[in-house]
Amino acid sequence: MEPLNPTKTLKPMMPQALLLIKTPLFQSTFKSQRFYFNTHLHNLCSKRNLSFKIGSQLKTSQDNKNKPIPKKKIILSEGAPSLSEDVAGNEDIPAKSRELGGASKLGFFKKVPRKVLSVLSNLPLAIGEMFTIAALMALGTFIDQGEAPDFYLKKFPEDNPVLGFFTWRWILTLGFDHMFSSPVFLGMLVLLGASLMACTYTTQIPLVKVARRWGFLHSNEAIRKLEFTDSLPRGSVRDLGVILMGAGYEVFSKGPSLYAFKGMAGRFAPIGVHLAMLLIMAGGTLSATGSFRGSVTVPQGLNFVIGDVLGPSGFLSTPTQAFNTEVHVNRFYMDYYDSGEVSQFHTDLSLFDLDGKEVLRKTISVNDPLRYEGITVYQTDWSISALQILKDNEGPFNLAMATLQLNGGDKKLFGTFLPVGDADSPNVKGISMLARDLQSIVLYDLEGKFAGVRRPNSKLPIDIDGTKIVIVDAIGSSGLNLKTDPGVPIVYAGFGALMLTTCISYLSHSQIWALQDGTTVIVGGKTNRAKVEFSEEMNRLLDRVPEIVESSIPIKSEGING
């Protein structure tokens, strides 16, 4: 074959061949790429690889200006285009494929009237739905949830309505006393979900289909109409393909034409964002309608059955076998700061099955719950249930402790009363005992005067008006919250997917077309975001394309094995 004259029009080395470029010059740096070719070449090389050697002297405008680039070897092997669309350059798209989202493939949406889909996919409507849901959530934090009707009658009376109109009737009628399972809130979630699905079907899926449909451009005019255009006066479209492959582009070449793209994942990311939001809403709906919740305060040493405490939160709530589990409070104790304030409280719990076998034991504390077969037990509160005392060396006696009301503040105070003398007398007198925690007990005499302080288990007696008292123990009660929430894994998965797809959505989908026109390569490209960065990247890549000064393309018959 005669040497290539740079002044002549460059002829494609393999006409009719659809291929990708692969060269040992970049094999150590970049991943191997597949080379595609059409049926004509496939019939020729179905059992052999073709090996062509191209010798050329190249020069660049950079540091290697006077250094020749070593000979490159381009290998053609069997393959098929990874994109099923118009890879041969046919730009006529059938009308059926332009139908709204490909309704022939999604039968459900085909039955939905297009006007309904158009309304649901309206962006202002979706934004309004999200703001409404946010407002309902804020209102749900303002209104105490799960209280008895009398509570709302007192807090939101009709004679003094909030904002001039909001009373207890609004709350009970609309179900705002259980906001997150109310028909209004769940209905807004369903409406927002429908809008997301309609937007995905009518907008996002067609955009992805358009992004995946490509073809070669065969005219300079078509390339120069793109957002970014440039030309290489003495360049080779093959060298450009190698450079683009090294920059992470998927490169396709057919004769003098070249197409390359990268960042296709960025086109799919908006669909992933919508699916993630749907997962979050589905998980939240399942939590609101399929959960069980309950709370109990259990003195140390007593038991309770989980199913007796938990109550359903919605129509999807279904009990499990674990509801028959019995919980025993082995011990309740507290940790204190040096100042004497309570720092943490703990409960040692044992779980028993129907046969009385202990299946789990754990000491829980605030922010360290117990989990068993979908049931979570939280440590949330505490109290003092009883004082155990000796009176005149008799007993022990258990005196029930009652919670006393304090004027403001969040301090706890518990008290009990030990009658002295005739308990049936109308003017009965006795010894009062007060406690703020399990550390110390304050005692008052028959006249209500301070008598002294004793620590439980100190075995130190105190004599009050002839009565000898020993504080044996202060028995604490553990405040526990129990719940089942089947929607939590779905919500977590949705938020994880949302963070991932949101990051992926920032990837730019960039496309580049090139055409060999004689000794000149016409290059054009476009991207859906980061347009300034794309232009800078293209300039850097084009600066790396070597300039051809002379070339020869010897083709040896022995290069084809067999």
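We're numbering straight along the sequence, starting at 1.
T203 places no side-chain N or O within 3.5 Å of a backbone atom of T200 that could act as its donor or acceptor partner. Judged by distance alone, the side chain of S317 and the main-chain N or O of F292 form no donor-acceptor pair under 3.5 Å. Under the 3.5 Å distance criterion, the side-chain polar atoms of T141 are matched with a main-chain donor or acceptor of A138. Between the side chain of N528 and the backbone N or O of H509 there is at least one donor-acceptor pair closer than 3.5 Å. The closest donor-acceptor contact from the side chain of D465 to the backbone of L446 lies under 3.5 Å. Remark: the backbone N or O of L351 is not paired with any side-chain donor or acceptor of T325 at under 3.5 angstrom. Under a 3.5 Å cut-off, the side chain of T502 and the backbone N or O of L498 do form a donor-acceptor pair. Between the side chain of E326 and the backbone N or O of N303 there is no donor-acceptor pair closer than 3.5 Å. Side chain of K154 to main chain of D150: no donor-acceptor pair is present (N/O by atom type, distance under 3.5 Å, no hydrogens or angles). When atom types are taken as modelled, the side chain of R331 and the backbone of Q300 share no donor-acceptor pair closer than 3.5 angstrom.
Atoms OG and CG, on S385 and L399 in that order, are 11.5 Å from each other to the nearest 0.5 Å. Atoms CG and CG, from N457 and L438 in turn, are 10.5 Å apart once rounded to the nearest 0.5 Å. Note that the CD1 atom of I504 and the CZ atom of R267 stand 15.0 Å from one another [nearest 0.5 Å]. In this structure, K155 NZ and I171 CD1 are separated by 8.5 Å, a value rounded to the nearest 0.5 Å. The CE atom of M277 sits 10.0 Å away from atom OG1 of T501, with the distance rounded to the nearest 0.5 Å. We find the CG-CD distance between D368 and Q379 to be 10.0 Å, quoted to the nearest 0.5 Å.
Remark: Y492 OH is loosely packed, at most 12 non-hydrogen atoms of other residues, nucleotides or ligands lying under 6.0 Å away. Crowding of Y336 atom OH: a count of heavy atoms from other residues, nucleotides or ligands under 6.0 Å exceeding 12. Atom NZ of K531 is surrounded by more than 12 heavy atoms from other residues, nucleotides or ligands within 6.0 Å. Enclosure of atom CZ in F417 by more than 12 non-hydrogen atoms of other residues, nucleotides or ligands within 6.0 angstrom is indicated. Summarising the local packing, NZ of K526 is surrounded by 12 or fewer heavy atoms from other residues, nucleotides or ligands at distances under 6.0 Å.
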- Message: I'd like to know whether I364 forms a side chain to side chain contact (heavy atoms under 4.5 Å, CB included) with Y378, so could you lay out the CA-CA distance, the side-chain angles of the two residues, the decisive distance to 0.1 Å, and finally the verdict.
- Response: CA-CA 7 Å; I364 67 172; Y378 296 92; over 6 Å; no
- Query: Can K429 and E447 be said to form a side chain to side chain contact (heavy atoms under 4.5 Å, CB included), step by step?
  - Reply: CA-CA 8 Å; K429 293 186 177 182; E447 302 299 326; 3.4 Å; yes
- Start with the C-alpha distance between L349 and V329, add both sets of side-chain angles, then the distance that settles side chain to side chain contact (heavy atoms under 4.5 Å, CB included), and finish with yes or no. CA-CA 5 Å; L349 299 176; V329 180; 3.9 Å; yes
- Message: Please determine whether side chain to side chain contact (heavy atoms under 4.5 Å, CB included) holds for the pair D177 and F151, giving the CA-CA distance in whole Å, both sets of side-chain angles, and the decisive distance to 0.1 Å.
- Response: CA-CA 10 Å; D177 56 330; F151 173 85; over 6 Å; no
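Here the shortest heavy-atom pairing between S350 and R361 reads OG-CD, 3.4 Å. For the pair S510 and Y249, the tightest heavy-atom approach, listed with the atom from each and the gap, is CB-OH, 3.8 Å. Contact between W382 and R436 at its shortest, heavy atoms only, is CH2-O, 3.3 Å. Heavy atoms only, all atoms of each residue included: D437 and I384 are closest at O-CD1, 3.3 Å. Of all heavy-atom pairs between S365 and Q344, the closest is CB-CD, 3.8 Å. For V119 against L125, the heavy-atom pair with the smallest separation is O-CD2, 3.3 Å.
Proximity of L434 to Y444: side-chain heavy atoms (C-beta onward) are separated by under 4.5 Å at one or more points. Proximity of I375 to L370: side-chain heavy atoms (C-beta onward) are nowhere separated by under 4.5 Å. A 4.5 Å side-chain heavy-atom check between S295 and N481 finds at least one atom pair inside the cut-off. By the 4.5 Å heavy-atom criterion applied to side chains, M281 and L196 are counted as neighbours. Using a 4.5 Å cut-off on side-chain heavy atoms (C-beta onward), Q321 and L354 make contact. Between W170 and F156 the shortest side-chain heavy-atom distance does not fall below 4.5 Å. The closest side-chain heavy-atom distance from D381 to T297 is not below 4.5 Å. Taking 4.5 Å as the limit, every side-chain heavy atom of L387 sits out of range of all side-chain heavy atoms of F414.
Looking only at atom types and distance, the side chain of T320 has no donor-acceptor partner in the side chain of E373 under 3.5 Å away. Counting only N and O atoms by type, the side chains of S343 and D335 include no donor and acceptor under 3.5 Å apart.
Ring planes of H346 and Y333: parallel class, angle under 30° (limits at 30 and 60°).
Salt bridge present: K262 and E537 bring a charged side-chain N and a carboxylate O closer than 4.0 Å.
Just one of D348, T380, T347 meets the side-chain hydrogen bond (donor to acceptor under 3.5 Å, both in side chains) condition when paired with S478; it is T347.
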